[in-house]
Amino acid sequence: MTATILTQQFINGISLGSLYALVAIGYTMVYGILRLINFAHGDLLMVAAYAAIYAVTLLSLPWQISFPLVMILTGLFGILVDRVAYKPLRDAPRISLLISAIGVSFLLENLAIVLIGGVPKGFPRPDIFARVIDLWGLRIQVLTVYTPILTLVLLMGLLYIVHRTKVGKAMRAASKDFETTRLMGINLDRIIAVTFFLGSSLAAAGGIMWAMKYPQVNPFMGVIPGLKAFIAAVLGGIGNIVGAVVGGFVLGLGEILIVALFPQMAQYRDAFAFAVLILVLLFRPTGIMGEPITDKT
Amino acid sequence: MLEVKDLHVYYGGIHALKGITLKVPQGRIVTLIGANGAGKTTTLRAISGLVRPKHGSILFFDHELTRMPTYKIIRLGIGVAPEGRRVFPNLTVLENLELGAYNRPPAEFRKDLEWIYSLFPRLRERSKQMAGTLSGGEQQMLALGRALMSRPSLVLLDEPSLGLAPLVVEEVFQTIQSINAQGATILLVEQNAMAALHVAHYAYVLETGRITLEGTGKDLLADERVRKAYLGED
């Protein structure tokens with residue numbers, strides 16, 4: 001294998017990893033505050049991809065408007081999911097919440113089949129993302145470079161919100177102690193809504209980028225990336241935002257490099273990811289950057 | 001200012017408060033003393049809306065609190081330093097204080113912060129430190145300071161002396177008196193009956209969910225039953 005190909009694969013790995021990272025952030029944020037693995041989170045990729053298709057084709061909005069718009073709408077959709085499926089269960093045992101999340105996931109997938117149909121739709125990828133550039137002898141699609149850049153920009157914005165703004169501080173407080181957060185005069189439901197909004201709009205960004213990378217949108221397109229992102233979140237240390245991003249990059253790189261180094265293993269790519277999950281849970285359940293997992297009062 | 005009438009609280013099948021009636025007049029320090037499990041903390045939790053009474057009323061000025069969500073109760077001007085301090089360990093001291101001021105106009109923040117730092121100079125030294133790394137006494141000061149950052153007219157304090165060294169306990173009670181002198185009304189829950197009765201204008205004794213005795217701090221300090229049961233005299 002030449003250094004060029006290896007570098008090329010490295011960049012592909014980073015790019016794939018940054019997609020996992022975008023989605024993993026939402027898992028980790030919701031887990032941090034509700035101690036819930038939101039299994040419906042992956043399906044938001046699908047919701048966002050379809051929304052983007054309709055925004056571009058039916059409403060004929062330019063992508064510069066429709067993509068951010070879809071992020072906002074998906075964020076609001078995330079709030080709706082919380083209101084309908086999780087908020088009534090705030091005081092219920094956590095297992096009920098998890099079952100509700102799985103229910104939402106099935107509901108979204110099947111609703112998409114009924115309303116839109118199971119036949120994959122092509123994604124109207126703007127041409128500027130499909131261009132191939134020549135970088136020191138490497139031939140790289142522009143999208144591959146843009147994805148990690150977008151991820152890092154969104155991550156910076158998110159970290160700013162979480163660490164520097166009042167709402168972000170309230171989010172961190174709520175991740176430790178609901179009652180005392182309320183005693184600060186903070187409307188906890190609003191803080192939770194903001195959490196869902198941010199996580200879901202990042203998932204939308206991930207969904208749009210995913211659909212541009214693999215321009216076949218179908219009702220189940222969110223399942224595998226959703227699971228991979230969940231693995232990334234666990235690998236990085238669930239509840240930790242930076243950890244989720246690190247986990248995403250590690251997983252993406254690992255997947256691509258294994259295929260690059262051992263081409264005969266290509267079919268085991270997904271198995272690799274799940275093996276990572278099992279190993280992390282066995283040997284380091286707090287993940288790369290996670291703090292000890294605490295139960296919440 | 002605060003009037004609790006015939007308050008009944010149940011935890012599942014357990015009748016934790018069996019008709020509590022008490023008054024906290026403006027400008028006063030009122031204390032609620034009693035043994036573990038008597039219902040002191042439950043009373044405070046009911047006032048701050050964290051548990052819902054089955055029966056009874058809680059009036060704060062003209063507002064009925066029993067149906068109000070906690071965050072709205074707090075916004076009426078009530079500050080709470082909960083049992084066990086409950087500082088946010090993953091936030092810095094300054095960030096904890098900022099959350100205490102969540103609903104205050106930002107323009108007032110600096111001034112309020114200076115006030116808290118003058119009450120608790122240690123908090124200024126530790127402002128950038130994670131609250132989880134503070135000592136017990138410092139955490140108690142932070143919990144008090146955080147409750148005061150909202151400039152509350154009524155402060156609810158739950159066992160501020162718990163687990164603190166005697167010298168620190170004294171400091172905490174001095175601070176309570178000085179906050180009171182600066183205008184805050186205080187409802188203080190304490191197991192340390194001696195210290196609480198010394199600072200309180202009025203006191204209630206709670207036993208298994210009922211108020212069994214009340215009077216001025218001085219009267220109760222002199223009361224034989226109180227001396228026997230709570231001050232450790234034979």
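Predicted, not measured: the structure shown is a model, and the values here were computed from it.
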Proximity of A:Phe230 and A:Phe39 rings by center, below 6.0 Å: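 Yes; A:Phe39 has its ring centre under 6.0 Å from that of A:Phe230.
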Chain A contact via B:Pro69 - side chain, backbone, both or neither, heavy atoms under 4.5 Å: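 Contact with chain A is absent: no heavy atom of B:Pro69 under 4.5 Å.
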Side chain / backbone / both / neither for B:Tyr71 at chain A, heavy atoms under 4.5 Å: both
Atom CZ of A:Phe106 with >12 non-hydrogen neighbours under 6.0 angstrom: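 No - once you tally the heavy atoms of other residues, nucleotides and ligands closer than 6.0 Å, there are 12 at most.
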Among the listed options B:Leu91, B:Asn103, B:Asn90, the residue most often paired with chain A at heavy-atom distances under 4.5 Å: B:Asn90
Ion pair A:Glu179/A:Arg182, N-O distance below 4.0 Å: no
B:Glu114 and B:Lys111 ion-paired at < 4.0 Å: no
